[in-house]
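Comments concern the structure below.
The basis for the numbers below is simple: all heavy atoms, side chains too, and nothing from hydrogens, waters or symmetry mates. To find a chain, count down the sequence lines: A is the first, B the second, and so on, and within it residues start at 1.
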Amino acid sequence: MESSEYDSSAVEASVRALWEERDVYRYDPGTYDADAAGQVFSIDTPPPYVSASHLHVGHAMSYSQADFVVRYHRMRGERIFYPMGFDDNGLPTERFVEQKYGIKAAEVPRAEFIELCMKETKTTAARYEDLWRRVGLSVDWSQTYSTIDPRCQATAQASFLTLLDAGYIRRSRDPILWCVECRTALAQADVEDLERKGRIHQIAFSAVATGKPLVIATTRPELLAACVAMYFHPGDERYAELAGTFARVPIFGHEVPIKADPSVDPEFGTGLMMVCTFGDVEDVNKWRQDALDLRLVLGPDGRFDQSSGPLAGRNVDDARRVALELLKSSGELLDSASVRQVVGVHERCSTPVEFQIRPQWFVRVMEHRDRFRARAAELVWVPESMKRRLDDWIDGLKWDWNITRQRHYGVPFPVWYRLDENAAPIQGDVLTPELSALPVDPSTDLPPGFTESQRGTPGGFTGDADVMDTWMTSSLSPQIHDGWAVSPAGSDPALAPMSLRVQAFEIIRTWLFYTVVQSEFHFGRVPWHTVMISGWGLNEQGKKISKRDLEKSVGADGFNRYVPDQVIARYGADALRLWATSARLGHDLRYNEKDVKVGRKLTVKLWNVGRFLDLHLDGLDPSVATPIPVADRSAVDRWVLAHLAETVVEATEAFDRYDFTQAHKAASRFFWSLFCDRYLEMIKDRFLDPDKHADSERLSARWTMREAYRSVLALFAPFAPFVTESLYQRFYAGQEKVVSIHVSSWPVVDESWKTDPSDIDQMVVILDAVRALRSERRLHSGTRIAALIVDPVSGAPAELAHAVAEPLRTASRADTVVFGSAEHPSGLEGIAVGIEP
RNA sequence: GGGCGCAUAGCUCAGCGGAAGAGCGCUCGCCUUACACGCGAGUGGUCGCAGGUUCGAAUCCUGCUGCGCCCACCA
């Protein structure tokens, strides 16, 4: 038996080897029984973007939190389906590859670019998997998926075709959000706010009829080229007479109608505004509502086109500068002022979002919002307050979900368009494959009934060149797991719906929302029973952990406290995970290295109790000996079991409501202050002073500490899986004949443990007073004292004092207990104590 | 502007209707045959502010203030 200093690296490596060798975390499909469906516990985990260049301790925190819950359920005997995926298609990966290789997707042959993407995602995914294994996530790695693999492509395409058939998807030429940097369409969820300083300009138009100046305010003078109307508030008397007349646009000279609309704020600026195609959402609304002209002047590459005169060929910033110069020299720029503005930017590259018009695939979410709200209400939310975030997002939706992206690395749309005699696509004439043929790539595969020679020819066909929004695939993670699109039998009923979705709060509006959409449209139900939302691990300043933290926070010894690999090497994965126990679900937690040290101390303490057992169990062998009935054990032994019983109940109830923080606290409180600091100290005397104690007392202690330690290890197993497994293997696995503590080993309270602990509780109060006396005299706790003097008043205190005299003597390391006169208050009413060294 | 969350010991955080808590830090002891990554004893808080409900409020209600996040947004 090894019983040396704790070496986390060695212990964790050998435990990991055991898990992998025995395949402890493999999902057991078993036999599906509808009545026993609760026995499967299935988890829908977030597939991380493999392009996120580095994982930090904050990621380790949220993934660990999911693992706590999963491990608890596994220990309760449920069959765990715990897969892990990697999200490797879509923009983030492309941008990562573009940056790493210094290329632009558009300027490299498509096949070559995709090959680079695949290569990068493979190596990064392997690195992630390795880290997650070392963190101790109890994932069944045989269930791993990648959002670009054939199964996922087939699932996404099947969803698309099914939704198209059911009328949930439309193709239309709408104004769409567009990123000129990434040169692709975006969905509302891809856009975030950026606050910045801008300038607002007063610009004079002129009334066509009278030549009078009409002054508007704008932050985007370059869009004068795209101006199609001027508006004022219908109640604004200053401009009432302008209704139905026209204004002339500066620089460009075209005439635009002047109209009234209640959405205009008469207090803002001059009370007159211009509408362009398109500067913002209001422009789009008025353009639709009043059927205004279309003057699209900004191209998909972010440059002004030939119709924009002096601005032609320029990008937005350049065009703005030129427009202002022209206005200034013509005297039409009346005023400019600084203003703080908030602009919508693409969240991946922070480029301000522009508008384009082109045919796109949209999922009709707007008209079905009530259905999504109803499903959101069916879900169990942990914490409950997070439901509001989804409700608010649904309420604030403005557009249908645009699932079209003009990129290269993604799932292609499984459609072809029939071409007319000029080889132009015929609107609405869409060719689709059989579901059984999926996945298809329309750029190389053929539509049913066509030959390759007809590709791109008059009367022939052409494949859709775009790819799907990455969320189109990841929102199908439950269906990827249950085999919906690829298994002949369809969704595995044991996995549909799933038990639990785990994720952080920032992707509620994307991943969570879109998954609800898919599940509702395809199956008319929720995708999971419960959603568990974790917070973020923040840096020491309370901010999001940044790339800078990962790169710059390096000490003189080269140690970076934010890099999980380094933290694990120094303190152990158990210690890092134990830090994550202190974050309440849905709440952020500041990361401090010292808090990992606290976790480290707990793992070392658990280990050292193992050494204590090695010394004192004295070959106790449950496989041949029979335990002493609890009723026959010493009072202190019964006492510790009574508190253990309370602890197990508390931890179990906490875990059942996903409150792993309380479960950990309960275990910790019991283990440290009751089991170690009091119980083990109290029983030591039985071993160290054998003459004063009967063999039966020692045997009672041996059985009790063996049983209690078994439960302690199990209570901590979800949090610190490595050290608890190692100790379980050392002391219990052989006798219990169970491969791992992590399987069906959650502690069970024996009814006989539930005794009244109050006598010893009170004794402990007296003991504390005795310890204070010893401390005053600078005696260490091993030093024996000649006598403990107890001075109780008659009645209940005297009865108690006599009842606990012997355990109190033992715990105090006193040779005798003397009932006599003493001065020092014990902390208990009616009892004073003293010591004679 | 709307919504949500948070404000408790120097720090990180529990507690959320019945006598202010933990860990870290700090002070004083103790190298005691499980553990100095330890043990014992201490220090430290008018629980953001102001009202209200209650026999009783850190805990419930109202209003402020500050911080964070989400949404909207002023052309």
Side-chain angles (χ1 to χ4, degrees), chain A residues 3 5-6 8 188 192-193 200-201 216-220 223 230-231 263-265 267-276 279-283 286 339 341-344 383 385-393 395-398 505-506 508-509 535-536 538 540 542-544 571-572 575 579 581-584 586-595 597-616 659 661-662 664-665 668-669 672-673 676-677 680-681 684 687-688 705 767-784 813:
Chain A
S3 183
E5 291 255 324
Y6 183 60
S8 59
Q188 190 181 341
E192 65 182 17
D193 289 346
I200 188 159
H201 311 280
I216 58 102
T218 183
T219 53
R220 302 206 56 182
L223 287 182
M230 178 179 279
Y231 277 83
S263 69
V264 180
D265 178 2
E267 304 295 319
F268 186 87
T270 60
L272 276 177
M273 69 174 284
M274 70 168 178
V275 167
C276 312
D280 63 18
V281 187
E282 266 313 303
D283 289 350
K286 293 191 178 62
V339 67
Q341 62 177 171
V342 179
V343 294
S385 59
M386 287 293 172
K387 173 177 180 292
R388 191 62 181 263
R389 300 215 184 194
L390 182 59
D391 289 339
D392 287 350
W393 177 252
D395 291 345
L397 280 174
K398 287 197 296 251
F505 59 84
E506 85 282 5
I508 287 176
R509 68 179 188 174
W536 275 353
L538 304 177
E540 285 160 12
K543 304 281 183 197
K544 186 175 173 175
Y571 300 108
W579 161 66
T581 62
S582 54
R584 256 189 314 165
H587 292 260
D588 298 340
L589 178 67
R590 283 195 199 199
Y591 173 81
N592 282 292
E593 188 180 345
K594 70 181 172 68
D595 296 326
K597 291 182 185 170
V598 173
R600 166 77 184 184
K601 281 161 64 169
L602 177 63
T603 61
V604 170
K605 190 80 171 176
L606 284 166
W607 182 264
N608 283 325
V609 172
R611 297 170 74 177
F612 183 87
L613 263 66
D614 276 337
L615 279 177
H616 298 301
D659 191 350
T661 301
Q662 287 307 316
H664 172 262
K665 268 188 206 306
S668 217
R669 202 183 317 120
W672 214 291
S673 46
C676 292
D677 293 347
L680 292 185
E681 291 304 321
K684 266 183 188 170
F687 301 112
L688 299 179
M705 66 185 183
L767 179 62
D768 286 346
V770 175
R771 284 178 168 179
L773 289 173
R774 297 176 64 112
S775 191
E776 257 174 38
R777 304 197 186 190
R778 312 202 160 174
L779 301 171
H780 63 67
S781 35
T783 305
R784 302 202 61 85
R813 301 275 171 89

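If A/Asp677 and A/Phe612 are placed on RNA chain B by their nearest nucleotide, the residue sitting closer to the 5' end is A/Phe612. With the nearest nucleotide of RNA chain B identified for both A/Ser582 and A/Val609, A/Ser582 has the one nearer the 5' end.
At the heavy-atom level, A/Thr219 lies under 4.0 Å from the strands shown only through sugar-phosphate atoms. A/Lys597 comes within 4.0 angstrom of nothing in the nucleic acid, heavy atoms only. Across all strands, A/Cys676 comes closer than 4.0 Å to base atoms (heavy-atom distances). Nucleic acid contact class of A/Glu681 (heavy atoms, under 4.0 Å, all strands): base. Among the protein residues, A/Trp579 comes within range of no part of the nucleic acid, since none of its heavy atoms lies under 4.0 Å from any strand.
For A/Leu589, taking side-chain heavy atoms from C-beta onward, the closest of the listed nucleotides B/C35, B/C13, B/A75 is B/C13. The nucleotide whose nearest atom lies closest to any side-chain atom of A/Arg771 is, among B/A75, B/C6, B/G40, B/G40. Closest contact between the side chain of A/Leu680 and the listed nucleotides B/A34, B/A75, B/U12 involves B/A34. For A/Thr218, taking side-chain heavy atoms from C-beta onward, the closest of the listed nucleotides B/G5, B/U12, B/A75 is B/A75. Distance from the side chain of A/Arg388 is smallest to B/C4 among B/C6, B/G68, B/C4. When distances are taken from the side chain of A/Arg584 to each of B/C35, B/C16, B/U12, the shortest belongs to B/C16.
Legend: residues meeting side chain to side chain contact (heavy atoms under 4.5 Å, CB included) with A/Ser673, ordered by chain and number and at least two apart, are A/Arg669. The side-chain hydrogen bond (donor to acceptor under 3.5 Å, both in side chains) search around A/Asp588 returns none, not counting sequence neighbours. With sequence neighbours left out, A/Asp677 forms a salt bridge (Lys or Arg N to Asp or Glu O under 4.0 Å) with no residue at all. Considering only residues two or more places apart in sequence or on other chains, A/Lys665 meets the salt bridge (Lys or Arg N to Asp or Glu O under 4.0 Å) condition with none of them. When the side-chain hydrogen bond (donor to acceptor under 3.5 Å, both in side chains) test is applied to A/Asp392, the partners found at least two apart in sequence or on another chain are A/Arg388. Residues passing the side-chain hydrogen bond (donor to acceptor under 3.5 Å, both in side chains) test with A/Tyr571 are A/Glu593, sequence neighbours excluded. For A/Lys543, the side chain to side chain contact (heavy atoms under 4.5 Å, CB included) partners at least two apart in sequence or on another chain are A/Asn539, A/Gln541. With sequence neighbours left out, the ring-ring contact (aromatic ring centres under 6.0 Å, His included) criterion links A/Phe687 to A/His616. Checked against side-chain hydrogen bond (donor to acceptor under 3.5 Å, both in side chains), A/Tyr231 has the following partners two or more places apart in sequence or in another chain: A/Asp290.
Here the P atom of nucleotide B/G3 and the CD1 atom of A/Ile508 are 19 Å apart, to the nearest Å. As rounded to whole Å, 16 Å separates atom P of B/U12 from atom CD of A/Glu593. When rounded to the nearest whole Å, the span between CH2 of A/Trp607 and P of B/C37 equals 17 Å. Rounded to whole Å, the distance from CG on A/Leu613 to C1' on B/C35 is 13 Å. Note: NZ (A/Lys543) to P (B/C69) measures 6 Å, nearest angstrom. Atom CG of A/Asn608 is separated from atom P of B/U32 by 16 Å (rounded to the nearest Å). Between the CZ atom of A/Phe687 and the P atom of B/A34 there is a distance of 11 Å, rounded to whole Å. One can place CD1 of A/Ile200 at 8 Å from C1' of B/C74, the figure rounded to the nearest angstrom.
Of the P atoms belonging to B/G48 and B/C11, the separation is 14 Å, rounded to the nearest Å. Spacing of P atoms, B/G68 relative to B/U46, comes out at 26 Å, to the nearest Å. Only the P atoms considered, B/A50 is 40 Å distant from B/C74, to the nearest whole Å. Using atom P as the reference point in both B/C73 and B/G15, the two lie 37 Å apart (nearest Å). Spacing of C1' atoms, B/U53 relative to B/G17, comes out at 12 Å, to the nearest Å. Straight-line distance between the P atoms of B/U32 and B/A14: roughly 39 Å, to the nearest whole Å. Nucleotides B/C39 and B/C24 place their P atoms 9 Å apart, quoted to the nearest Å. Straight-line distance between the P atoms of B/C70 and B/G51: roughly 35 Å, to the nearest whole Å.
Side-chain contact between A/Arg220 and A/Cys276 is absent, with no heavy atoms from C-beta onward closer than 4.5 Å. Side-chain atoms of A/Arg389 and A/Trp393, non-hydrogen and from C-beta on, never get closer than 4.5 Å to each other. Residues A/Arg600 and A/Ser8 are in side-chain contact: their nearest non-hydrogen atoms beyond the backbone lie under 4.5 Å apart. When side chains are defined from C-beta on, A/Trp579 counts as touching A/Leu589, because their heavy atoms get closer than 4.5 Å. Between A/Glu540 and A/Asn592 the shortest side-chain heavy-atom distance falls below 4.5 Å.
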Output a table of nitrogen or oxygen pairs between the protein and nucleotides 70-73 of chain B separated by less than 3.5 Å.
{"residue": "B/C71", "atom": "OP1", "partner": "A/Arg509", "partner atom": "NH1", "Å": "2.1"}

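Distances shown here put every side-chain N or O of A/Arg600 at or beyond 4.0 Å from the OP1 or OP2 atom of B/C37. The shortest distance between the side-chain N/O atoms of A/Lys387 and the OP1/OP2 oxygens of B/G5 is not below 4.0 Å. For the pair A/Trp672 and B/C39, the criterion of a side-chain N or O lying under 4.0 Å from OP1 or OP2 is met.
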For RNA chain B, just give me the dot-bracket, please: Watson-Crick or G-U, both distances below 3.5 Å, ( ) intra-strand, [ ] crossing earlier pairs, | paired with another strand, . unpaired. ((((((((.[[[[.)..(..]]]].(((((.......))))).....[[[[[..)....]]]]])))))))....
What string of B, S and - do you get for nucleotides 17-30 of chain B, 5' to 3', when a contact is any protein heavy atom under 4.0 Å? ------BS----SS
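Of all heavy-atom pairs between A/Thr661 and A/Thr581, the closest is OG1-O, 3.1 Å.
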